[in-house]
Amino acid sequence: LPFLALMPVCSAGTRRGGSSTQPALGQFENQSDVGEVKRPGSAEFDAAKRQYRVTGSGANIWGKQDAFHFVWRKVRGDLTMAADVRFIGQGKNAHRKACLMVRQDLEADAPYADVAVHGDGLISLQYRPTRGGPTLEVKSPVKNPATVRLERRGDRFTLCVARQGEPLHAVGAVTVVLENPAYAGLAVGSHEPEISETAIFSNVVYSGP
């Protein structure tokens, strides 16, 4: 893609997590269903494997409003989140999503930016610049399985991806203005209001203030 030359180089980082705020959720503080969901979501943290199992329902993470399950922590300033993501089972909808997300708040129409891994392998940088506005996206040429990373530097959010054994590289960057504090974490939506889907986030990295 022509714009790749204009993308910032992804920082090397380290494969380690930040300080734990609550053992039950590892690096995150709490969990919530966001938007209108018919089936409550859940999350578990396996400290031995250092992985999160997140289950969520909801119509979608898209458009002008979202519906999904969110494992989150309040954040300020620059941050980095990275993970390897896989779904459990075949799933009903190819566009079920597991995301690394930073959003303004827990309202359904909040501005946000995320790295969304779809059930069919699509990886995209999704973002809603204004409250209640439309969701836009930058699609990655690399499909899952891959390590995905979301970097926030000021108002700039960058999607980085890496196939197994390869270095991370940037494939897109967008501007979303979020006030402090914002909410950062792991999100899962089924794209089907009547069912739930589960994703495993492994090798999770969070670094930030």
Query - Spacing of CG belonging to Leu168 relative to CZ belonging to Arg149, to within rounding of 0.5 Å - result: 5.0 Å
Report task. For residues Pro111 and Val176, report the shortest heavy-atom separation together with the two atoms involved. Result -> CB-CG1, 4.5 Å
Query raised in the report: Would you say the side chain of Ile61 lies within less than 4.5 Å of the side chain of Cys99, judging by non-hydrogen atoms?
Result: yes
Query raised in the report: Considering all heavy atoms of both residues, which atom of Ala67 and which atom of Ala59 are nearest to each other, and what is their separation?
Result: CB-N, 3.7 Å
Report summary line: Closest non-hydrogen contact found for Arg152 with Leu178 is NH2-O, 3.2 Å
Report task. Could you name each residue pair satisfying ring pair (Phe, Tyr, Trp, His ring centres under 6.0 Å) that touches residues 115-135, not counting sequence neighbours? Result -> His95-His118
Query - Close side-chain approach of Phe68 and Val37, heavy atoms under 4.5 Å - result: no
Query raised in the report: Pairs in or reaching into residues 116-132: which pass salt bridge (charged side-chain N to carboxylate O under 4.0 Å, His left out), with residues at least two apart or in two chains?
Result: Asp66-Arg128, Asp105-Arg131, Asp109-Arg131
Requested in this report: Sequence neighbours left out, what pairs pass salt bridge (charged side-chain N to carboxylate O under 4.0 Å, His left out) with at least one residue falling in residues 195-208?
Outcome: Arg96-Glu197
Query - Side chains of Gln126 and Tyr112 in contact at under 4.5 Å (non-hydrogen atoms) - result: yes
Report task. Starting at CG of Asp78, measure out to CZ of Arg153 and round the result to the nearest 0.5 Å. Result -> 5.5 Å
Query raised in the report: Taking all atoms of both residues into account, what is the closest heavy-atom pair of Ile123 and Ala146, and its distance?
Result: CD1-CB, 4.1 Å
**Report entry** Gap between atom CZ of Arg53 and atom CG of Leu186 - 0.5 Å precision
**Finding:** 14.5 Å
Query raised in the report: Gln31: what forms a side chain to side chain donor-acceptor pair (under 3.5 Å) with it, not counting sequence neighbours?
Result: His69
Query raised in the report: How far apart are the closest heavy atoms of Leu106 and Ser32, and which atoms are they?
Result: CD1-OG, 3.8 Å
Requested in this report: Compare all side-chain heavy atoms of Leu150 with those of Val102 and state whether any distance is below 4.5 angstrom.
Outcome: yes
Report task. Show the numbers, then the answer: is there a side chain to side chain contact (heavy atoms under 4.5 Å, CB included) between His169 and Val161? Result -> CA-CA 6 Å; His169 63 277; Val161 298; 4.0 Å; yes
Query raised in the report: How about Cys160 and Glu151: do any of their side-chain heavy atoms sit closer than 4.5 Å?
Result: yes
Report summary line: Taken in chain and number order and not counting sequence neighbours, the residues that satisfy ring pair (Phe, Tyr, Trp, His ring centres under 6.0 Å) with Tyr52 are Phe28, Phe45
Requested in this report: For Asn180 and Lys74, test the side chains for any donor-to-acceptor distance below 3.5 angstrom and give the result as yes or no.
Outcome: no
Query raised in the report: Which residue pairs pass the salt bridge (charged side-chain N to carboxylate O under 4.0 Å, His left out) test when at least one of the two sits in residues 35-49, sequence neighbours left out?
Result: Lys38-Glu194
Query - Residue pair Ile195 / Ser57: nearest heavy atoms and the distance that separates them - result: O-CB, 3.0 Å
**Report entry** Linked, directly or transitively: Met101 and Val188 (ILVMFWY side chains, under 4.5 Å)
**Finding:** no
Query - Pro141 side chain reached by Val171 side chain, heavy atoms, under 4.5 Å - result: yes
Report task. Rounded to the nearest 0.5 Å, what's the gap from OG on Ser124 to NZ on Lys139? Could you check? Result -> 8.0 Å
Query - Cluster link Val205 to Tyr183, ILVMFWY, side chain under 4.5 Å - result: no
Query raised in the report: Any side-chain heavy-atom pair from Asn30 and Trp72 closer than 4.5 angstrom?
Result: yes
Report task. State the OG-CD1 distance between Ser202 and Ile200, to the nearest 0.5 angstrom. Result -> 8.0 Å
Report task. Enter the distance from Gln164:CD to Thr147:OG1 here, rounded to the nearest 0.5 Å. Result -> 8.0 Å
**Report entry** Among Leu125, Thr158, Leu159, the one residue meeting side-chain contact (heavy atoms from CB on, under 4.5 Å) with Val138
**Finding:** Leu125
Query raised in the report: Can you get from Val75 to Val34 by hopping between Ile, Leu, Val, Met, Phe, Trp and Tyr side chains that sit under 4.5 Å apart?
Result: no
Requested in this report: Apply side chain to side chain contact (heavy atoms under 4.5 Å, CB included) to Leu100 and Phe201, showing your working.
Outcome: CA-CA 9 Å; Leu100 309 180; Phe201 298 81; 4.2 Å; yes
Query raised in the report: Would a 4.5 Å heavy-atom cut-off, applied to side chains only, mark Phe70 and Arg103 as touching?
Result: yes
